[in-house]
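Here is the structure we will look at.
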Amino acid sequence: MKVSGAEIVVESLKKEGVTHLFGYPGGVVLNLFDYLYDAKGIKLILTRHEQGATHMADGYARCTGKVGVALVTSGPGATNTVTGIATAAMDSIPIVVLTGQVPTMLIGNDAFQEADIVGITRPCTKYNYLVKNIDDLAPTIREAFHIASSGRPGPVLIDLPKDISAGMGTFNWPEKIQIRSYNPTVEGNKKMIEKAVDEIAKSKKPVIIAGGGVILSNASDELRQLAELTQVPVITTLMGIGSFPSTHPLSLGMPGMHGTYYANMAIQDSDLIVAVGMRFDDRVTGKISAFAPNATIIHIDIDPTSIRKNVHVDIPIVGDSKNILTALNEIVKAEQKTQWGQIRMAWLKQLDQWKELRPMSYTYSDSVIKPQYVIEKLYEATGGDAIITTEVGQNQMWAAQFFKFDKPRTFLTSGGLGTMGYGFPAAIGAQVAHPDKTVIDIAGDGSIQMNIQELATAVVYELPVKVAILNNRYLGMVRQWQEMFFNERYSHSGLDVVPDFVKVAEAYSAIGLRAERPSDVEPVIKEALKIKKPVFMDFVIDWKEKVFPMVPAGAAIDQMLFDEEEAPKKKESKKLKAVK
Amino acid sequence: MKRHTISVQVENKFGVLSRVAGLFSGRGYNIESISVGETLDPKVSVMTIVTRGEDQIVEQINKQLNKLIDVIKVQDLYDVDHVEREMVLVKVAPPQEQKAEVLRLTEIFRGRVVDSSPKTYTIQITGDESKIEAFLELVKPMGVKEFVRSGKIAIAREKSKS
Ligand SMILES: Cc1ncc(C[n+]2csc(CCOP(=O)(O)OP(=O)(O)O)c2C)c(N)n1
Ligand SMILES: [Mg+2]
């Protein structure tokens, strides 16, 4: 029996368990939108920009572990998804992006709204397809979901020419898929795993560094078990936040450029690093030649290309984190000889001393709102029971440093690409997945303006997303670098006009609240959390506040700068005026 | 920096060459030559890629190639006993008194004249790189107008059981 291409697409999505997709219509996808008009069991969320749609699909994927889906038109619709796709690629997030394409006959003709989106996205997708034969539709979609969600996950794009979605064909749903050239290694090598346990037992000063891979493979319980059994402290990278409880006594927080003093000191002093699902990004390692000079490195990762890419690795273990951690734990449990608590005593004591010496802190003020205070109050008001997304800049780092995350899939941030404009649509995607959860985007006044139009989406679909804008009237992170490393030459980092975010919210029929003094912070947060609508909270913060500790670019990670006095000598900052 | 010849079996699909080439350009790896052709199984092509790099880079190249979804198998022939061949087509326009010498050289190199005109010979030479380089060196002074090289192809030697 022949059915329409649109029906094949939508029914295939349903077979993959898709209940929501994020999209925006246009000429060549009208058949698909027409089929979706009254399709049962699947709902399209109409966004206000295609970038928003891809970030929503991404946020949805990060907080559920399912594949997020976006559907957009050809040409400009397709090119608008590129930032979202690259964001997902850098953070290994499974999304499938369906783009319309001009009819097969016209491809290559510079037809109206034609863009070679398969060519454009080849370097930023895990894989992509141009469907040229309608009978390949269902198998292609099946394969795309498989590739997106297995191995090291990532975005997959399917380009659908108009004549394919409008044509008639057969629904060939393959029950099984076999791609001979794609067989990710999931089980770790036994010998290597045994060697790893020996090293952990031998080590006097070990640390675990957990990355986003732990979250992607749902291996948090196994990670915690390993840490507790062997009494090894855990450092979580920006992408690994939530993979291990921040409130756990063995937690050392985040490493790297804006990491905690004690995490960076621990790495530099360690004799063993157990890296799990992380890739030694340059923001983590700092000066690579000075990174962890005394450490033996065990590297567990599903992607062989991550191993030995940036740092020397002594024991590589390729495979899925969950499987490998499970295998490690089994060996550890079976062997009774090692007195873990005993052999770690001195090391854990040293770490406690570092924690006491320089805990994460800031200087509270009762005249001006400090951004860190806002984050602390958000944590208190939610009891930590929230999904937090972030934009990029200082806001992102303060969120990572001062909120506490005890569960995986609750901190959604663009780590690899660092995409301003990610947090708000990602929060909307998360709220679609979890309508009853508190979802908060911790935003900057610059970043929020990059996808602010999605407020309409949140309002229309009654998604009560909260946005906490840390409003410093600056591209704060840029300003911070200029203050510290460019002689306070604030070239184009002041946002001379920042919209009245309360009025913006009201203009979209959402709610806007403002806090101008520290005493307003708590009441504003409490009120916002009560409102069952989208709320913009505009926190007018101290524009001078900087993110510390900070490892200057190119320095070793134990070369941290702390508050003012340690920073490069500051001249009178007259040139700088706060924009009201 | 060592030179590696890597033989890559790929799905014979639209876009695969661009994925492989894009991998090299996107990551700043160097390609000295690349040649592609069908195999016994028409659904599979083999690409022979010649590249150069430090060990750690070449290790990455091999892994990154393997990671491409359409790549079936990657074999780095660096430590493998193998045969390499390349072909060159050379158009020479020798002065009258050197025409015989060009033909003599062609014979010594077991080449063939595949086209001729009143002023030129087009000569085909096959062999490993050093043979091709040697031939070009010798005929260049005699008036080479242009030449085209095929890029290398390579195959592992069958292990002979002794
Ligand atoms: C799309 C994009 N453009 C530019 C940058 C570079 N960048 C990084 S942080 C930053 C400033 C962000 O300003 P804001 O959102 O106000 O955050 P703040 O640092 O003030 O908290 C900029 C411009 C980026 N990360 N993303
Ligand atoms: Mg700002």
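All chains are named by letter (A, B, ...) in the order of the sequence lines, taking the proteins before the strands, and each is independently numbered beginning at 1.
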Given heavy-atom pairs under 4.5 angstrom as the criterion, report whether the side chain, backbone, both or neither of B:Gln9 touches chain A. neither
Given heavy-atom pairs under 4.5 angstrom as the criterion, report whether the side chain, backbone, both or neither of A:Leu130 touches chain B. side chain
Which portion of B:Gln64 sits near chain A, non-hydrogen atoms under 4.5 angstrom: both
Side chain / backbone / both / neither for B:Lys13 at chain A, heavy atoms under 4.5 Å: side chain
Please say whether more than 12 non-hydrogen atoms of neighbouring residues, nucleotides or ligands are located less than 6.0 Å from CZ in B:Arg52. yes
How about CZ on B:Arg112, more than 12 heavy atoms from neighbouring residues, nucleotides or ligands closer than 6.0 Å, or not? no
How long is the straight-line distance from OG1 of A:Thr305 back to CD1 of B:Ile61, given to the nearest 0.5 Å? 12.5 Å
If you count the non-hydrogen atoms of other residues, nucleotides and ligands that lie under 6.0 Å from CZ in A:Arg283, is the total more than 12? no
Check each atom of A:Asn183 against the heavy atoms of chain B and say whether the ones under 4.5 Å are side chain, backbone, both or neither. neither
Give, for atom CD1 of B:Ile69 and atom CD1 of A:Ile179, the distance between the pair rounded to the nearest 0.5 Å. 6.5 Å
Counting only heavy atoms not in B:Glu158, do more than 12 sit closer than 6.0 Å to its CD atom? no
With a 4.5 angstrom heavy-atom cut-off, could you sort out which part of A:Lys126 is near chain B: side chain, backbone, both or neither? both
So, is the end of the B:Lys67 side chain (NZ or CZ) under 6.0 Å from the ring centre of A:Tyr182 and within 45° of the ring's axis? no
Do A:Tyr127 and B:Asp70 come within less than 4.5 Å of each other through their side chains, counting heavy atoms only? yes
Would you indicate whether A:Lys195, at its atom NZ, is surrounded by more than 12 heavy atoms from other residues, nucleotides or ligands within a distance under 6.0 Å? no
Measuring heavy-atom distances to chain B, does A:Pro123 have an atom under 4.5 Å in its side chain, in its backbone, in both, or in neither? neither
Which heavy-atom pair separates B:Gln56 from A:Arg308 by the least distance, and what is that distance? NE2-O, 3.0 Å
Taking atom NZ of A:Lys287 as the centre, report whether more than 12 heavy atoms of other residues, nucleotides or ligands fall under 6.0 Å from it. no
Could you tell me if the side chain of A:Arg180 sits less than 4.5 Å from the side chain of B:Lys43, heavy atoms only? yes
Would A:Ile307 and B:Lys63 count as a side chain to side chain contact (heavy atoms under 4.5 Å, CB included) if you check the C-alpha gap in whole Å, the side-chain angles of each, and the deciding distance to 0.1 Å? CA-CA 10 Å; A:Ile307 294 175; B:Lys63 287 180 181 174; 4.1 Å; yes
Is it the case that over 12 heavy atoms from other parts of the model lie below 6.0 angstrom from the CD atom of B:Glu32? yes
What do you reckon, is CD1 of B:Ile155 surrounded by more than 12 foreign heavy atoms closer than 6.0 Å? no
So A:Arg122 and B:Leu23, do their side chains get closer than 4.5 Å, heavy atoms only? no
